[in-house]
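Below, all heavy atoms of this structure are taken into account, side chains as well, without hydrogens, waters or symmetry copies. In listed order, ligands and their atoms are each counted from 1.
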Amino acid sequence: MSIPSAATAAFLEAYATEPAGLWAAPGRVNLIGEHTDYNDGFVLPFALPQRTVAAAGPAPDGRWSVCSTLAPDPVSFGVTTPGDVTGWGAYVAGVVWALKDAGFEVPPARIAIASDVPLGSGLSSSAALESAVLTALVDLGGLDVALERRPAIAQRAENVYVGAPTGILDQSASIRCQEGRALFLDCRTYQVEQIPFDLTAEGLAILVINSNAPHRHVDGEYGERRKSCEAAAATLGVAALRDVSTDSLPQALERLDDDVMRRRARHIVTENQRVLDTVSLLRSGRVREIGPLLTASHASMRDDFEITVDQVDVAVEASLAAGAYGARMTGGGFGGCVLALVDAERADATAAAVDAAYRKRDFTAPTSWVATAGPGAARL
Ligand code: GLA
């Protein structure tokens, strides 16, 4: 069954009536620019074809109810504050709360969710859920919420209601990405540029390799990285590490006396520059040449930011050995997915090379597919 049909079926089953409509929001891969978002820096994600669909309709009881194909019994809540709803329903209650908190009259709604975004794989399944629900509620209520404002509202749901200290990358990608484009986002000003990203025309492909590695200590590690970056910025007397240029990096590093903090800062400053360099290469159609920037980004995440695990390092090495132009982990880290830029005709062979490398090490088998840039959140 397709994802929209599954969402409709779940809605009918739970509420014994037809939904008023279907709204979809995608997962994402981040081409480059990792952990730069909460440092006011630059990111370059594109939307995956995999998406989360919310079937939704008005609620006669004045409450909000949400179920999913994985949890068919609806979670139901009234006017809500952070802490009321826990578990997966918190992402939905958080959106209702954040919209209300931003001054909008949120329409009571019944919602049913279906999704093919892999869960817990660093592909933003939670942002896809928030963005699908937000888009549905905005449309159902006829709310005048400009597209540019929506990611920050969904991010508040996650930061304040769910309690995860994430940046604005994932929600921006899910809401603002466009088909066939990568989204160049300035996380300080929220300005975007839609960068044409049609690899098929170049005979290239992005192979996404889900390491299927178990996530470990993700929340604590993420928060720790964020704190180190903020402490480094404070020591340097800048608002955010975005304000340190690559030219001034050597002097900045001399002023940080902690080696860990130095390496965290170096990742952010060099990663911002790699995003800018990637964007200029893409703008001039030199797609193959972004490969070394992807690989350098991976080395920086592995050695300086220390957010990779063996499975993702092995996937990167095996892809490169199989001829990829570049490869890197994508997403928050500690597991998750790797992306490799390959000749389209080499995608299968690259995936097979990674499989073989995993078998040799007795890792759980990875899952790989070619990802094209899909559309952002919309009514279906
Ligand atoms: C997670 C967070 C994002 C971002 C990435 C790393 O996906 O949700 O805000 O920080 O990690 O780039």
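No salt bridge links Asp258 with Arg262; every basic N to acidic carboxylate O contact stays at or beyond 4.0 Å. Looking at Asp243 and Arg188, a side-chain N of the basic residue comes within less than 4.0 Å of a carboxylate O on the acidic one, giving a salt bridge. Look at Glu34 and Arg328 and you find a salt bridge, because one of the NZ, NE, NH1 or NH2 atoms lies within 4.0 Å of a carboxylate O, short of that distance.
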Please tabulate protein-ligand N/O pairs under 3.5 Å for ligand 1, atom names and distances to 0.1 Å.
| unit_1 | atom_1 | unit_2 | atom_2 | d |
| --- | --- | --- | --- | --- |
| ligand 1 | 7 (O) | Arg28 | NH2 | 3.0 |
| ligand 1 | 7 (O) | Asp170 | OD1 | 3.3 |
| ligand 1 | 7 (O) | Asp170 | OD2 | 3.0 |
| ligand 1 | 8 (O) | Asp170 | OD2 | 2.6 |
| ligand 1 | 9 (O) | Asp37 | OD2 | 2.5 |
| ligand 1 | 9 (O) | Gly167 | N | 2.8 |
| ligand 1 | 9 (O) | Gly167 | O | 3.4 |
| ligand 1 | 9 (O) | Tyr222 | OH | 3.4 |
| ligand 1 | 10 (O) | Asp37 | OD1 | 2.8 |
| ligand 1 | 10 (O) | Asp37 | OD2 | 3.3 |
| ligand 1 | 10 (O) | Tyr222 | OH | 2.6 |
| ligand 1 | 11 (O) | Gly332 | N | 3.4 |
| ligand 1 | 12 (O) | Glu34 | OE2 | 2.7 |
| ligand 1 | 12 (O) | His35 | N | 2.7 |

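Considering OG1 of Thr278 and CZ of Phe42, their distance stands at 12.5 Å, rounded to 0.5 Å.
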Under 3.5 Å, which donor-acceptor pairs do the side chains of residues 360-378 form with other protein atoms, sequence neighbours left out?
| unit_1 | atom_1 | unit_2 | atom_2 | d |
| --- | --- | --- | --- | --- |
| Arg361 | NH1 | Ala357 | O | 3.2 |
| Thr367 | OG1 | Asn212 | ND2 | 2.8 |

Phe197 vs Phe184, ring-ring contact (aromatic ring centres under 6.0 Å, His included): CA-CA, chis, key distance, verdict: CA-CA 11 Å; Phe197 192 61; Phe184 174 36; over 10 Å; no

